[in-house]
2 protein chains.
Amino acid sequence: MATIRDVSKIAGVSVATVSRTISKPDKVSAKTRKIVEAAIIETDYKPDILARNFRTRKSSTIVVLVPDIANPFFSRVIRGIEQTAQGLGYAVLLGDTQGDRNREITYANMVKTSQADGIIQLDSHIPFENENGPYVPIVNICDCVRGTDIPTIEIDNALAAEKMTEYLISLGHKSIAIITGPVDATITQDRLRGYKKALKKAKIDFVPENISVGDYSLLSGTTSSHDLMQNTHPPSAIFCMNDEMAIGAITQLKKMGLRIPEDISVAGFDDISFAEYYDPPLTTVSQPAEEFGSKAMQTLYNIINKNDLIQKHTFLDFEIIIRKSTGPFKYET
Amino acid sequence: MATIRDVSKIAGVSVATVSRTISKPDKVSAKTRKIVEAAIIETDYKPDILARNFRTRKSSTIVVLVPDIANPFFSRVIRGIEQTAQGLGYAVLLGDTQGDRNREITYANMVKTSQADGIIQLDSHIPFENENGPYVPIVNICDCVRGTDIPTIEIDNALAAEKMTEYLISLGHKSIAIITGPVDATITQDRLRGYKKALKKAKIDFVPENISVGDYSLLSGTTSSHDLMQNTHPPSAIFCMNDEMAIGAITQLKKMGLRIPEDISVAGFDDISFAEYYDPPLTTVSQPAEEFGSKAMQTLYNIINKNDLIQKHTFLDFEIIIRKSTGPFKYET
DNA sequence: TTGTATGCGTTATCAC
DNA sequence: GTGATAACGCATACAA
């Protein structure tokens, strides 16, 4: 493998000039630049990235912290991150944390040791032991932490939940249950707030019984929906905080002999690819998953390279997708 | 940040001894080891990974090449890789190639430049421009290249397809269509072989018309199944090479007014989590996705570290999962 | 078992 | 605009 020294010898210039030709071409005269470039080709010189990383204390690598890569929504986000990272010359280290805080911290430490230049966090934690540590480039997406000045990228979750609830109300539903994510997550609280707001606007009493806490899994959709139907006043519509739980719920409700949407409406969140292909096709909130990733990577890039165009808070658009899993409320006959 | 020199001063030993204490503790006397360890704690010394990587020409990082991370089966495999990699002290670089050969080569070059120590390839290419280049630790999984000596981890795809086809035949089906993946993929050819073998054993003529080439997407399941039903002799069963295409197919067939499985049977491959929750629940071939990943990482680790226990060819178990999307063949009434 | 000394390949500082 | 040279922090060959 040719080194920078080999190139400098062949080009008849110093190693410094070769280095400059590569990283700051405008600081080299056109003439010597040509000579050096020729020598680089002749020697088939490839800069030693490890040496460069070591010297510059940069790795051109970012780590993405994800609770679970097998979640279809997250994997789309990661695809968006990866595509944009490639374009910007960054590699993506995968940090599947399974929600484990220690793993988050382990990965976050890779930034402190310069193994990575920044972090994209998809969960609603701050992955540091103490916030007073050294400055770490980070952006928080999808499920954002409140009360910090960490740049975030999200949709207006409260508004999205409000709109979906309003839509269900517009269909005549008055007893609308909701299957949530983990209660401590910001995203859960935001969406719950939107849900309650819509109820209040429609002068429908909020019934605590109508809330069931899920964990975003298919299974939790089935168990939660089953539980909800045991209520003294079972709901006529169920709003799930992701599509997996909605699909789990529909499966369960069908098993109980209910027809969707004639007997009960079900709505989801995310608009994963399967939503459209389900039976019935799922009414849901569509989120721009890839754009989440791409915007996050772009923002992180700006932070790392101290571009002053850092937007502290980016809101992306969501869309209510109406399909066949929701329908008008019908009184029992 | 404390360096190895700071530690050596405090401990009153040479930097070499500190270095040894960390990487080859048994080469240091118990007494000095204690002293050094105390000094490490006192200074809160953390080895500079970048310097170490540079010096040792190793990165403790592997790259995984995946055609599409958003594919639920692949994301489970990657989860398996990542979990095992963490345990072995390796970081995982994500290489979403979108099937692009140039991207594969770009990522593969990271190994040649020591930015990564090895590769796990999930697609059926060899990610090198020429095979005569320097030796690169690599393992190939899921969809394996033939005729190379690259270690592979796979299920017996031909056998799995044969068994599933046999099962459909046992239900009385004689016109069994198959929706494949890309024709040039090893996995497609293997499964096709198994399918044909089962037909032959049952003395059923192979009908080229019964093959439709898909691309593993939901959409291709719908278009392929639609096409197949236009055949002069439409099939009474469709075997799809993944669950997404099976779900796409069922959606399409239902739209055409067909009942599953009364009018037509559909089987998939992979047993993704949604398979069980579909309506009807999908008959499919279950593959141990996480185990694929974990076995691959373990094997790659052995190769990188030249453990002699490298198994060139690992076969994992599959299982035919019979659910409700397949049923007995019924003559038209 | 331990210490000394060297160098890995690059970038950055400072002269010229 | 260019060159000489000093780091960067570590691991290791070799000497002791």
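Below, chains carry the letters A, B, ... as their sequence lines are ordered, and counting in each starts from 1. Bear in mind that the values here come from a model prediction, so they are computed numbers and not experimental data.
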Does [X] put a side-chain nitrogen or oxygen below 4.0 Å from OP1 or OP2 of [N]?
X	N	value
A:S19	C:dA12	no
B:S14	C:dT4	no
A:K24	C:dT11	no

[N] [atom2] sits how many Å from [X] [atom1], rounded?
X	N	atom1	atom2	value
A:L50	C:dT11	CG	P	13 Å
A:K27	C:dT13	NZ	P	11 Å
B:I22	D:dC10	CD1	P	8 Å
B:D26	C:dT2	CG	C1'	15 Å
A:R33	D:dG1	CZ	P	10 Å
A:Q115	D:dG9	CD	P	15 Å
B:K46	D:dG9	NZ	C1'	16 Å
B:R52	D:dC8	CZ	P	19 Å

Measure the CG-CD1 distance between A:D117 and A:I304 for me, rounded to the nearest 0.5 Å. 5.0 Å
About how many Å separate CG of A:D100 and CG of A:N102, when rounded to the nearest 0.5 Å? 5.0 Å
Across the strands shown, which category fits B:R57 at heavy-atom distances under 4.0 angstrom: base, sugar-phosphate, nothing? nothing
Checking all strands, does B:T32 fall into the base, sugar-phosphate, or nothing category for heavy-atom contacts under 4.0 angstrom? sugar-phosphate
Take B:Y90 and B:L300 through the test side-chain contact (heavy atoms from CB on, under 4.5 Å) and record every step on the way to the result. CA-CA 11 Å; B:Y90 279 76; B:L300 185 59; over 6 Å; no
Between B:I22 and B:R52, is there a side-chain heavy-atom distance shorter than 4.5 Å? yes
Please tell me which of the listed nucleotides, [options], lies nearest to the side chain of [X]?
X	options	value
A:I4	C:dT11, C:dT2, D:dG9	C:dT11
B:R5	C:dT10, D:dT2, D:dC10	D:dC10
B:D48	D:dC10, D:dT2, C:dG3	D:dC10
A:R20	C:dT10, D:dC10, C:dT13	C:dT13
B:V13	C:dG3, C:dT10, D:dG3	C:dG3
A:A51	C:dG9, D:dA13, C:dA5	C:dG9

Heavy atoms of other groups near A:K312 NZ, more than 12 under 6.0 Å: yes
Mapping A:S29 and B:R55 to their closest nucleotides on DNA chain D, which lands nearer the 5' end? A:S29
Does any donor atom in the side chain of A:Y107 or B:Q86 lie under 3.5 Å from an acceptor atom in the other side chain? yes
Between B:V15 and A:Y45, who's closer to the 5' end of DNA chain C by nearest nucleotide? B:V15
Taking the six-membered ring for Trp, does A:F54 stack with D:dC8 (centroid gap under 5.5 Å, planes within less than 30°)? yes
